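Keep in mind it's a predicted model, so treat the numbers as computed, not measured.
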Amino acid sequence: MNTPMVPAQRRSVLISGASIAGPTLAFWLDRYGFDVTVVERAPTIRTGGYPIDVRGTAIDVVERMGLLPQIRAAHIASRAMTFVDRAGKIIGSVPIYEAIGSDAERDVELPRGTLTTLLHDATRNGNVDYCFNESIDTLRDDGKGVDIGFASGRQARYDIVIGADGLHSRTRRLVFGPEAPFNHSLGFCFNLFSMPNDKGLSHGGIVHAEPGRTAAIWAVQDSPKVFGFLAFATDEAPVSASRDAEEQIRRTRASFAGMGWEVPRLLDGMAQADDLYFDSVSQIRMPHWSKGRVALVGDAAFAPSFRSGQGTSLALVGAYVLAGELATHDDPQDAFAAYERIARPFVEANQALATDDNGAFFLPKTQKDIETRDHILVEITRNGTAGIFDNTKARVHNALRLLDYASV
C-alpha cells in the first residue's frame with residue numbers, strides 16, 4: 001500500500017469499543033493522521049473466547065494491515081460438523097467449509113481473543129490512546145464538535161465520535177434512541193460457554209437438535225476445553241430478554257427439559273461456567289448509520305447475528321471503509337454518507353445469509369426442518385457433497401472490492 005495521506009489539519013476521533021471494529025478503525029485512522037482515542041469499559045483487551053472467521057473481503061483488509069501471516073498462523077482448521085440423534089447415533093457429517101458455503105482459501109478461523117490481541121498490538125505502538133475501564137456517559141453534538149462526559153467523570157471534546165460498542169451499543173442509544181426499533185429477532189436465544197473436553201473431541205463439532213432447540217459441543221483443535229452451545233426458539237422481543245445469568249440458566253433448563261444426548265451434561269456445564277455468554281439471535285438494522293458528527297460501525301450499526309457467520313468480517317470491512325472515507329473527506333457527514341453508500345449493499349447481502357433456507361439446517365424450528373436436514377445428511381453420506389451446497393455464500397463474502405484509499 002502507498003504512503004497514506006495526512007489531513008491538512010489533524011482531527012480528533014473518539015472510538016467507543018476495543019473489540020474488532022474499534023481497533024481496526026483506530027489502525028487506519030492513525031495511519032491517515034488522525035488523533036485517535038479508544039475507550040473500552042473492560043479492564044483490558046478480552047482474550048480467549050470462541051472461534052470466529054475472517055472471510056472474503058475481510059481477508060483483504062487484514063492483508064493490507066500486514067496481519068494476514070499471523071492470522072493464518074492461528075488458523076484452527078476445523079474439519080467436520082457431525083449430527084447425532086438423541087441416543088448419540090451419528091446421522092451424518094459435513095465438512096465445515098462446505099456446510100457454511102465458504103471458500104476455504106479465503107476463510108481463516110481463529111480464536112476471537114487471538115484476533116483482538118493482534119489488532120490491539122498493531123495499534124498500541126502508534127499514536128492511538130487506549131483508555132480501559134472507561135465508557136461514554138453523556139454525548140452532546142453541537143454541529144462543530146462532540147462533547148463527551150465519561151463514566152469516570154472526565155470531560156473531553158472531539159471532532160468525530162464512532163460507536164463500535166457492539167449489539168447493545170450505548171453510543172447508538174445516546175444518539176439514535178432505544179435499541180428496540182433496530183433490533184430484529186431471528187427467533188432464538190442462545191448460550192455459549194466452555195466446559196471440560198472429557199470426551200476427547202478434536203477439530204470440529206457435534207450437534208443434536210429437536211424442533212426449536214439445538215445443543216452442540218465444539219472442540220477447537222485438541223484443547224482440554226470445549227465450547228457448549230444451547231439455543232432455543234422464542235417469540236420474545238430481543239431487548240426484553242433477561243440480562244440476569246441465573247434467570248437465563250433457569251429459562252434454558254426449562255426449554256431443554258427431557259432432551260436426550262449430552263444435554264443434561266451441557267446444562268450442568270452451563271450452570272458451572274465462569275464465562276457464560278447469552279443473548280438473543282438478532283440483527284441490527286438501521287435506516288442510517290450516522291447522525292451529525294457521530295457514526296456507528298460493526299455490530300453497533302449492522303450486527304448480522306452468528307447465523308450469518310459474518311459479524312467479524314463485516315466489522316473489519318466496515319471499519320476499513322469508514323476510515324478511508326473520513327480520510328478523503330473534510331466534512332465528516334460527507335464521509336459518513338460515502339461510507340454507507342459503499343458498505344450498505346455488502347452489509348445487507350451478508351445479513352441476508354442469516355435468513356436464508358440453510359438456517360434451518362443448523363437451527364431447525366420444526367420436525368419438517370429436521371427431516372429435511374437428515375435427508376441431506378443421508379445424501380451426503382451416499383454421494384458426497386457435490387450438488388448439495390453451492391458457492392452463493394462465497395460470492396457474497398467476496399462481493400465488495402476495496403478501494404485503495406492511499407492512492408485516492
Ser282 versus Asn183, side-chain donor and acceptor atoms under 3.5 Å: yes

- prompt: Between Asp141 and Arg293, is the closest basic N to carboxylate O distance under 4.0 Å?
  reply: no

Interatomic distance, Thr312 atom OG1 to Arg55 atom CZ [nearest 0.5 angstrom]: 9.0 Å

Salt-bridge contact Glu348-Arg344 (side-chain N to carboxylate O under 4.0 Å): yes

query: Does Arg154 make a cation-pi contact with Phe150 (under 6.0 Å, within 45 degrees of the axis)?
result: yes

Any side-chain heavy-atom pair of Leu230 and Phe190 under 4.5 Å: no

query: Taking atom CE of Met65 and atom CZ of Arg31, what is their separation to the nearest 0.5 Å?
result: 8.5 Å

message: Donor-acceptor pair, distance only, cut-off 3.5 Å: does the side chain of Ser223 make one with the backbone of Val220?
response: no

task: Heavy atoms only: give me the nearest Ala215-Trp261 pair and the separation to one decimal.
output: O-CZ3, 3.8 Å

message: Is the shortest side-chain heavy-atom distance between Phe278 and Leu192 below 4.5 Å?
response: no

query: Between the main-chain N or O of Leu326 and the side-chain N or O of Arg11, is there a donor-acceptor pair closer than 3.5 Å?
result: yes

task: Would you please classify the geometry between the Trp289 ring and the Tyr339 ring as parallel, tilted or perpendicular, with 30° and 60° separating the classes?
output: tilted

message: Could you walk me through whether Thr234 and Cys189 satisfy the side chain to side chain contact (heavy atoms under 4.5 Å, CB included) test, starting with their C-alpha distance in whole Å, then the side-chain angles of each, then the deciding distance to 0.1 Å, before giving a yes or no?
response: CA-CA 7 Å; Thr234 177; Cys189 278; 3.8 Å; yes

query: Step by step, would you call Arg172 with Phe182 a side chain to side chain contact (heavy atoms under 4.5 Å, CB included)?
result: CA-CA 10 Å; Arg172 184 182 61 233; Phe182 310 122; 4.1 Å; yes

message: Distance alone, cut at 3.5 Å: any donor-acceptor contact between the side chains of Asp369 and Thr366?
response: yes

- request: Report the C-alpha separation of Ser152 and Glu134 in whole Å, then their side-chain angles, then the decisive distance to 0.1 Å, and conclude whether the side chain to side chain donor-acceptor pair (under 3.5 Å) test is met.
  value: CA-CA 7 Å; Ser152 64; Glu134 186 64 285; 2.4 Å; yes

field: Straight-line distance of Ile71 CD1 to Leu110 CG, nearest 0.5 Å
entry: 6.5 Å

query: Without hydrogens or angle criteria, can the side chains of Ser78 and Glu109 be said to hold a donor-acceptor pair below 3.5 Å?
result: yes

- line: Nearest heavy-atom contact between Ile160 and Phe336 is CG2-CZ, 3.9 Å

message: Heavy-atom count check: over 12 atoms from other residues, nucleotides or ligands less than 6.0 Å from His288 NE2?
response: no

query: Taking atom types as modelled and ignoring hydrogens, do the side chains of Arg64 and Tyr320 form a donor-acceptor contact shorter than 3.5 angstrom?
result: yes

field: Asp159 and Val13, any side-chain heavy atoms less than 4.5 Å apart
entry: no

- line: NE2 of His375 to CD1 of Ile370, rounded to nearest 0.5 Å, is 16.0 Å

Residues His168 and Asp279: side-chain donor-acceptor under 3.5 angstrom: yes

- prompt: Does the distance from a Lys or Arg side-chain N to an Asp or Glu carboxylate O, for Arg86 and Glu210, drop under 4.0 Å?
  reply: yes

message: Using 0.5 Å steps for rounding, measure from the OG1 atom of Thr214 to the CG atom of Leu363.
response: 5.0 Å

query: Mind checking whether Leu14 and Ile136 have side chains closer than 4.5 Å, heavy atoms only?
result: yes

- request: Report the C-alpha distance between Glu325 and Val321 in whole Å, list the side-chain angles of each, state the deciding distance to 0.1 Å, and finish with yes or no for side chain to side chain contact (heavy atoms under 4.5 Å, CB included).
  value: CA-CA 6 Å; Glu325 294 305 321; Val321 174; 4.2 Å; yes

For the student: nearest non-hydrogen atoms of Ala151 and Asp137, plus distance: N-CB, 3.8 Å

message: Any carboxylate oxygen within less than 4.0 angstrom of a Lys/Arg side-chain nitrogen, looking at Asp268 and Arg253?
response: yes

message: Is the distance between the ring centroids of Phe83 and Phe361 under 6.0 Å?
response: yes

- prompt: Between Arg265 and Glu262, is there a salt bridge with N-O shorter than 4.0 Å?
  reply: yes

query: Does one side chain, of Asn133 or Arg41, offer a donor that lies under 3.5 Å from an acceptor on the other?
result: no

message: Any side-chain to backbone donor/acceptor pair from Arg213 onto Phe232? Under 3.5 Å, distance only.
response: no

- request: Compare every heavy atom of Gly260 with every heavy atom of His208, then report the nearest pair and how far apart it is.
  value: CD2-O, 4.3 Å

field: Residue pair Leu353 / His397, side-chain heavy-atom distance below 4.5 Å
entry: yes

query: When you check the gap from the basic side-chain N to the acidic O, do Arg170 and Asp165 get nearer than 4.0 Å?
result: no

query: Hey, are Arg173 and Glu179 close enough for a salt bridge, meaning a charged N less than 4.0 Å from a carboxylate O?
result: no

message: Tell me if a side-chain donor or acceptor on Thr117 pairs with a main-chain N or O of Gly113 at a distance below 3.5 Å.
response: yes

message: Quick check: do Asp35 and Asn127 have side-chain heavy atoms less than 4.5 Å from each other?
response: no

- prompt: Once you round to the nearest 0.5 Å, how far does CD1 of Ile15 lie from CG of Asp129?
  reply: 11.5 Å

- request: Just do the side chain to side chain contact (heavy atoms under 4.5 Å, CB included) check on Val84 and Ile91 with the steps written out, would you?
  value: CA-CA 5 Å; Val84 299; Ile91 301 167; 5.6 Å; no

- prompt: Is there a side-chain contact between Arg157 and Ile148, using heavy atoms and a 4.5 Å cut-off?
  reply: no

- prompt: Just by distance, with hydrogens left out, do Tyr130 and Thr123 show a side-chain donor and acceptor under 3.5 Å apart?
  reply: yes

message: Can you confirm whether Val226 sits close enough to Met195 that some side-chain heavy atom of one is under 4.5 Å from a side-chain heavy atom of the other?
response: yes

- prompt: Do you see a donor-acceptor pair shorter than 3.5 Å between the side chains of Gln155 and Asp147?
  reply: no

- prompt: Does a side chain donor of either Arg112 or Ser19 reach within less than 3.5 Å of an acceptor in the other side chain?
  reply: yes

task: For Gln310 and Asn350, indicate whether the former's side chain and the latter's backbone hold a donor-acceptor pair under 3.5 Å.
output: no

Least distance between heavy atoms, Ala354 atom then Ser308 atom: CB-N, 3.7 Å

- line: Note: Thr116 and Ile45 closest approach over all heavy atoms is OG1-CG2, 3.7 Å

query: Quick one: do Arg401 and Asp60 make a salt bridge, cutoff under 4.0 Å?
result: no

query: Is a side-chain donor or acceptor of Gln283 paired with a backbone partner of Arg285 at a separation under 3.5 angstrom?
result: no

- prompt: Among Tyr277, Trp218, Phe229, which residue meets the ring pair (Phe, Tyr, Trp, His ring centres under 6.0 Å) test with Phe306?
  reply: Phe229

message: Pairing donors with acceptors under 3.5 angstrom, does anything connect the side chains of Ser202 and Asp222?
response: yes

